[in-house]
Amino acid sequence: MLVFYGDDSGSSPRDGVCLVGGYLATQSTWFYDIEIPWRRALAEDPQIHYFKAFECEKLVGEFKGWDRLMADEKLERLVGVVASQAVKLREFSSSIRWSEFENSVTGAVRSVYNHPYYFCVHGVVSLIAREYLLEIAKVSGVPTRATRAVAYAFDLQAQQAEMSKQYHHVGETVDSYISSTMGSISFYDDLEVVPLQVSDLIAWHLRRDILKPKRDLGVTRPALVTLRKHYAFETKEARWNPNKLEEFCDKVDAGLKVPHLWD
């Protein structure tokens, strides 16, 4: 089974960018190659029970009372777990700037997509569907439906009921080639599900890389550099275009026939 574990970063306007990112891999890779060594790394002295990038950065939660060196060493250890298996992982992400969401998403569309999180999840799913179908076409030489659908797993969200509803609606309305890639969608507690902690790590660093805060001196964080050195596949990122979103919203409000949001 192919599973994409994704987490969001930047859930409020003050965060500047809302992003959903994570990795696509087989279930066996997630369990045997990632979860087991990740739990072992968590348990190593000094022990933590789960990982959240924000807590590691701010030295709160599981990292309360730690110094910067200790936290960085634990982060490096966990990054090493992922990096050692990175050739089996495919990184996908989708993002939208909060300011562009506020200014571009209006009217009837805003009443349904009232948080940028929805756009980010749709962006990731559409991106994976496209790449999946392209991979199949490379092998078969002709357009072919997916034989294994991707299961999607995300962190628990206030928007999860609506997101699930939207996801299933899309699956019923898009081209059958695309829907053949769309399996289940589920939401879990990231404090308990290790792959979502891995997704938290990559999503936080990807959003940070877009923002390029002064503290980072415009340089990509070492953790992200390390991970990307080991990828066997090109990273795939979808950033929502504010001009196209504004045009889409205007057409919907005018009652005009418009292409699907994913287009």
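Nothing here was measured: the structure is a model prediction, and the numbers come from that model.
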Should R40 and E44 count as an ion pair when the cut-off is N to O under 4.0 Å?
no
Is the shortest side-chain heavy-atom distance between V20 and S94 below 4.5 Å?
no
Under 3.5 Å: donor-acceptor pair, side chain of W30, backbone of V3:
yes
Compare every heavy atom of G21 with every heavy atom of F4, then report the nearest pair and how far apart it is.
CZ-C, 4.0 Å
Around M70, counting heavy atoms of other residues, nucleotides and ligands shown, do more than 12 lie under 6.0 Å from its CE?
yes
Check the angle between the aromatic planes of F187 and F154 and answer parallel, tilted or perpendicular using the 30° and 60° thresholds.
tilted
For T144, what residues pass the side chain to side chain donor-acceptor pair (under 3.5 Å) criterion, not counting sequence neighbours?
S140
Does any pair with a residue in residues 180-201 pass salt bridge (Lys or Arg N to Asp or Glu O under 4.0 Å), and if so which ones, sequence neighbours excluded?
K52-D190
Can you give each donor-acceptor pair under 3.5 Å made by side-chain atoms of residues 125-134, sequence neighbours left out, with the distance rounded to 0.1 Å?
| from | atom 1 | to | atom 2 | distance (Å) |
| --- | --- | --- | --- | --- |
| S126 | OG | H122 | O | 3.0 |
| S126 | OG | G123 | O | 2.9 |
| Y132 | OH | R148 | O | 2.5 |

Can a donor-acceptor pair be found between the side chains of Y231 and E91 at a distance below 3.5 Å?
yes
Pair V194, R39 - check side chain to side chain contact (heavy atoms under 4.5 Å, CB included), show working.
CA-CA 8 Å; V194 160; R39 289 191 181 280; 3.7 Å; yes
State which residues pass side chain to side chain contact (heavy atoms under 4.5 Å, CB included) with S95; sequence neighbours excluded, sorted by chain then number.
V17, L19, I210, E237, R239
Can you see which heavy atom on S199 is nearest to which on G22, and at what distance?
OG-CA, 4.0 Å
Are Y117 and V112 linked, directly or through intermediate hydrophobic residues, by side-chain heavy-atom contacts shorter than 4.5 Å (ILVMFWY only)?
yes
Pairs touching residues 7-30 that satisfy salt bridge (Lys or Arg N to Asp or Glu O under 4.0 Å), sequence neighbours left out:
none
E62 meets the side chain to side chain contact (heavy atoms under 4.5 Å, CB included) criterion, sequence neighbours left out, with I48, H49, Y50, E55
Compile the donor-acceptor pairs under 3.5 Å between side chains in residues 245-255 and protein atoms, sequence neighbours left out, one pair per line.
| from | atom 1 | to | atom 2 | distance (Å) |
| --- | --- | --- | --- | --- |
| E247 | OE2 | K251 | NZ | 3.3 |
| D253 | OD1 | A108 | N | 3.0 |

Sorted by chain and number, sequence neighbours left out, side chain to side chain contact (heavy atoms under 4.5 Å, CB included) with S176 holds for R145, S179
Taking only residues two or more places apart in sequence, or in another chain, which ones meet Q160 in a side chain to side chain donor-acceptor pair (under 3.5 Å)?
none
Check: Q197 and L42 side chains under 4.5 Å, non-hydrogen atoms
yes
Considering only NZ, NE, NH1 and NH2 on the basic side and carboxylate oxygens on the acidic side, decide whether E102 and R97 come within less than 4.0 Å.
no
Contacts of type side chain to side chain donor-acceptor pair (under 3.5 Å), residue K165, not counting sequence neighbours:
none
Apply side chain to side chain donor-acceptor pair (under 3.5 Å) to the pair Q166 and Y118, showing each step before the final yes or no.
CA-CA 9 Å; Q166 291 182 20; Y118 297 121; 5.0 Å; no
Min side-chain heavy-atom separation L227-Y23 under 4.5 Å
yes
Answer whether the closest heavy-atom distance between the side chains of F101 and C18 falls below 4.5 Å.
no
Heavy atoms only: give me the nearest A223-V79 pair and the separation to one decimal.
CB-CG2, 3.7 Å
Inspect the contact between D209 and R221 and indicate whether a charged nitrogen and a carboxylate oxygen are less than 4.0 angstrom apart.
no
Taking all non-hydrogen atoms of both residues into account, name the closest pair between L196 and Y188 and its distance.
CD1-O, 3.6 Å
Would you say CD of E76 has more than 12 non-hydrogen atoms from neighbouring residues, nucleotides or ligands within 6.0 angstrom?
no
Please report the shortest heavy-atom distance between G10 and W98, naming the atom on each side.
O-NE1, 3.0 Å
In terms of ring plane angle, is the pair F119 and Y113 parallel, tilted or perpendicular, where the classes change at 30° and 60°?
tilted
Residue pair V82, H230: steps toward the side chain to side chain contact (heavy atoms under 4.5 Å, CB included) verdict:
CA-CA 9 Å; V82 183; H230 295 83; over 6 Å; no
Is a side-chain N or O of S104 found less than 3.5 angstrom from the main chain of P242, in a donor-acceptor match?
yes
Pairwise side-chain contact, V198 with Y5, heavy-atom cut-off 4.5 Å (strictly under):
no
Mind checking side chain to side chain contact (heavy atoms under 4.5 Å, CB included) for P222 and listing every partner two or more places apart, or none if nothing turns up?
none
If I compare all heavy atoms of H115 with all of S11, which pair ends up nearest, and what's the gap?
NE2-O, 3.2 Å
Pairing residues for R68 by the side chain to side chain donor-acceptor pair (under 3.5 Å) criterion, not counting sequence neighbours
D72
L24, I202: one ILVMFWY side-chain cluster at the under-4.5 Å cut-off?
no
Looking at Q47, is its backbone amide N or carbonyl O close enough to the side chain of K74 to form a donor-acceptor pair, meaning the two atoms are under 3.5 Å apart?
no
